[in-house]
Each structure stands twice: as C-alpha cells, then as structure tokens.
Number of protein chains: 2
Amino acid sequence: MPGSSRELFHPDVADLVLTDVLSALSDPARLEITCRLAEGPLEVAACQPTGADMSKSTLSHHIKILREAGVVRNDPHGRQRYVSLRRQDLEDRFPGLLDPILRLAPGGDQL
Amino acid sequence: MPGSSRELFHPDVADLVLTDVLSALSDPARLEITCRLAEGPLEVAACQPTGADMSKSTLSHHIKILREAGVVRNDPHGRQRYVSLRRQDLEDRFPGLLDPILRLAPGGDQL
DNA sequence: CGAATGGTTCTATGTTTTTCGAACTGTTGC
DNA sequence: GCAACAGTTCGAAAAACATAGAACCATTCG
C-alpha cells in the first residue's frame, strides 16, 4: 500500500521560532543543503554537500535539525524520501528572512 | 592618559562569515542584545537582556561572541565600554540580511 | 595613594552538539 | 518470501558551548 510510509513530524507554521531557524542555518553543511533545495526538492542522498564526506546518519541528522526548525519538509516517496524547502511557510512566518540568506550564502549567487 | 585603554579585536568587514553571524544571532539572549543595540550604543551592563539574570562574565561572553562574529563593536569609553551595532559594516558585507532579522525578532517590532 | 567601579579573562563544570557505526524500518523487485 | 535499497533511530565518544565564580586590569574619584 503505497503512501502509508512513516510520516515525520513537521512543526506548524505558527510554531516556528526565529532563533531555531537561524541556528539551523548557522551550520555550513545545513546552509548548503538549504541553498540546494531552493532549486527544488531532492532525495536525501542528493542533499549531501559537495566535497563533504559525511555518513548517512550524519546527513540524516542535519536534515532532522532543518526539519524540526521548520526549514524543510521530509516526505516519503516510494522507497526514498523527498526533502523540500518550506519556502512559502517561512515567507509567511518570517517575511523577507530567507531570500537574503540564500542569496548571501557561499554558493547562493546563482539565484 | 585617557583613550589608551585596551582595544579588543574586531574582524575586518571582508572577513565576516555568514554562518558565524547567523550562529551569533541564533541565541535568544544575543539576538535581544543585538535588537537593543539597533537603537544606539549601550554600556555593557545595559545590554543585559530583560528578565534574564546572567552573571557579568556570561554577559561579557555573549558580547564577545557577537564581537568576534562582527556583529558589534566594543570600544573603551572612560571606565566603561560602549557596545555598538556594526550596522553599516554588516550591510556592506551582507546587504539586506540584518534588517529582516531585527524586524522579526521577538521584541523588534518597534522599528 | 587607595577604594570603588566596569568589564575582561581564567578555570572549571555541566550541557548540548556533532559525528559515526550498528541496528532497525519500510519499500521495491525478483 | 527474500535480498537490496533508502533512510531513520539508537548508542557512544569527542568536541563545542554556556554559565558562573574568582582573579585580574584599567579608570575614576576621594
């Protein structure tokens, strides 16, 4: 039965906390993941930052931090998962916050 | 001989790192200090977040984190010190970053 | 000079974060 | 069913961070 996968917790828009978002984005690896997701959803494995050689448990951990801060969604999709940026939710809760950060991030100049 | 006080290190504008700034601002106490400084320089003791009862060594530590990230200056002024927001420097290095954060911070709606 | 003041730095302690391997869960396809 | 696959979760160890007291330093003022 497809679609019955394990759903992970995602905080409600109203519950997002600014310092949690900033904290989530203050790690270089997580910031890069976030920038990459600005171009569209990715499978977990494809979120792996360039050059960074992290274990899959570490990568999963970073995505968890981003998810719990409300920065990304993580939804099951067949045997894998799609990670996507909660762009509109972030814009609703923290208008004008995300765009400058994405633009200013090390590899975010192709926006 | 006034003015010969101990000068602390302040990173050059070009050396500021985005993740360091985000990390510095991701702590509630430091974010509040930063917001308060948006209205003008303050003596160190006056930076103390409302309600938070932190020791002066802890307060000094937080201001140090902000200073080393390039968010604030800390200059001697007689027997005390003035802490000030490096607003223009941040704007030069990370245009458009600070204003939304200050505006969205818990007590930053009086801007 | 000597005491008080405003802050920094040092040292130590407890907490949080980061990282990884190993074990586990759900899904696909033979 | 069973092996392979994509990820999460658990457990542990190392690193980083927060906090506070004590010591210290520079400045002012009597």
Side-chain angles (χ1 to χ4, degrees), chain A residues 1-10 17 19-34 37 41-49 51-69 71-84, chain B residues 1-10 17 19-34 37 41-49 51-69 71-84:
Chain A
M1 180 181 172
S4 68
S5 315
R6 213 140 153 43
E7 298 287 340
L8 297 173
F9 170 74
H10 292 89
V17 176
T19 49
D20 290 349
V21 173
L22 295 178
S23 179
L25 297 177
S26 70
D27 179 274
R30 294 195 292 260
L31 183 57
E32 182 174 340
I33 292 171
T34 305
L37 289 173
L42 291 174
E43 309 160 12
V44 170
C47 292
Q48 179 92 247
D53 193 22
M54 59 176 60
S55 68
K56 62 178 185 173
S57 61
T58 298
L59 178 58
S60 183
H61 164 76
H62 282 306
I63 292 172
K64 179 182 184 180
I65 300 287
L66 288 169
R67 173 173 56 81
E68 291 179 340
V71 177
V72 306
R73 288 198 58 86
N74 184 352
D75 299 299
H77 183 258
R79 113 165 83 182
Q80 38 203 26
R81 289 175 162 275
Y82 272 168
V83 183
S84 55
Chain B
M1 180 178 170
S4 68
S5 314
R6 216 137 149 45
E7 300 286 340
L8 297 173
F9 170 75
H10 292 90
V17 176
T19 49
D20 291 348
V21 172
L22 295 178
S23 180
L25 297 177
S26 70
D27 180 274
R30 293 195 293 257
L31 183 58
E32 181 174 341
I33 292 171
T34 305
L37 290 174
L42 291 173
E43 309 159 11
V44 169
C47 292
Q48 179 92 248
D53 194 22
M54 59 176 60
S55 67
K56 62 178 185 172
S57 61
T58 298
L59 178 58
S60 184
H61 164 75
H62 283 305
I63 292 173
K64 179 183 183 179
I65 300 286
L66 289 168
R67 173 174 55 82
E68 291 180 339
V71 176
V72 306
R73 289 198 56 86
N74 184 352
D75 299 299
H77 182 257
R79 116 167 81 182
Q80 38 203 28
R81 287 174 164 277
Y82 271 167
V83 184
S84 55

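In what follows, every chain begins at residue 1, and chains take the letters A, B, ... in the order their sequences are listed.
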Quiz item: OP1 or OP2 of dC17(D) sitting under 4.0 Å from any side-chain N/O of H62(B)?
Solution: no

Self-check item: E68(A) CD to dT16(C) C1', straight-line distance once rounded to whole Å
Solution: 14 Å

Practice problem: Report the residue (R67(A) or Q80(A)) whose heavy-atom-nearest nucleotide on DNA chain D is the more 5′ of the two. | Solution: Q80(A)

Quiz item: For the pair made of CD in E7(A) and C1' in dT9(D), what is the distance, rounded to whole Å?
Solution: 17 Å

Quiz item: Between dG26(C) and R81(A), is there an OP1 or OP2 to side-chain N/O distance shorter than 4.0 Å?
Solution: no

Quiz item: Between dA18(D), dT9(D), dT18(C), which nucleotide gets closest to the side-chain atoms of R30(B)?
Solution: dA18(D)

Practice problem: Counting heavy atoms from C-beta on, name the nucleotide in dG26(C), dA18(D), dG7(D) closest to the side chain of R6(A). | Solution: dG26(C)

Quiz item: Quick one: D75(A) CG to dG7(D) P, roughly how many Å, whole number?
Solution: 13 Å

Quiz item: How close or far is atom P of dG7(C) from atom CZ of F9(B), stated in whole angstroms?
Solution: 22 Å

Quiz item: K64(A) has an atom NZ; how far is it from atom C1' of dT19(C), in whole Å?
Solution: 14 Å

Practice problem: Can you check whether any acceptor in the base of dG21(C) is under 3.5 Å from a donor in the side chain of S57(A), or vice versa? | Solution: yes

Self-check item: Candidate nucleotides dG6(C), dA18(D), dG21(D), ranked by approach to the side chain of I65(B) - the nearest
Solution: dA18(D)

Exercise. Identify, between K56(A) and D53(A), the residue whose nearest nucleotide on DNA chain C lies closer to the 5' end.
Key: D53(A)

Quiz item: So, do F9(B) and R67(B) sit near enough that their side-chain heavy atoms are less than 4.5 Å apart?
Solution: yes

Quiz prompt | Among dT8(C), dT9(D), dG21(D), the nucleotide that comes nearest once only the side chain of S55(B) is considered | solution = dG21(D)

Exercise. Grab the OH-P distance between Y82(B) and dT8(C) for me, whole Å please.
Key: 14 Å

Quiz item: Between the side chain of H62(A) and the main-chain N/O of Q48(A), is any donor-acceptor distance below 3.5 Å?
Solution: no

Quiz item: Would you say a side-chain N or O of R79(A) is under 4.0 Å from OP1 or OP2 of dT8(D)?
Solution: no

Exercise. Among the candidates dG26(C), dT8(C), dC20(C), find the nucleotide nearest to the side-chain atoms of L8(B).
Key: dT8(C)

Practice problem: Please determine if a side-chain N or O atom of T58(A) lies less than 4.0 Å away from the OP1 or OP2 oxygen of dT19(C). | Solution: no

Quiz item: Is it true that a side-chain atom of S26(A) and a backbone atom of S23(A) form a donor plus acceptor pair closer than 3.5 Å?
Solution: yes

Quiz item: Starting at CE of M54(B) and ending at P of dC17(D), how long is that distance when rounded to a whole Å?
Solution: 17 Å

Exercise. Quick one: pull up OG1 in T58(A) and CD1 in I63(A) and give me the separation to the nearest 0.5 Å.
Key: 11.0 Å

Quiz prompt | Nearest-0.5 Å distance that lies between atom CG in L22(B) and atom CG in D27(A) | solution = 11.0 Å

Exercise. Using whole Å, report how far CG of L59(B) lies from P of dT5(C).
Key: 18 Å

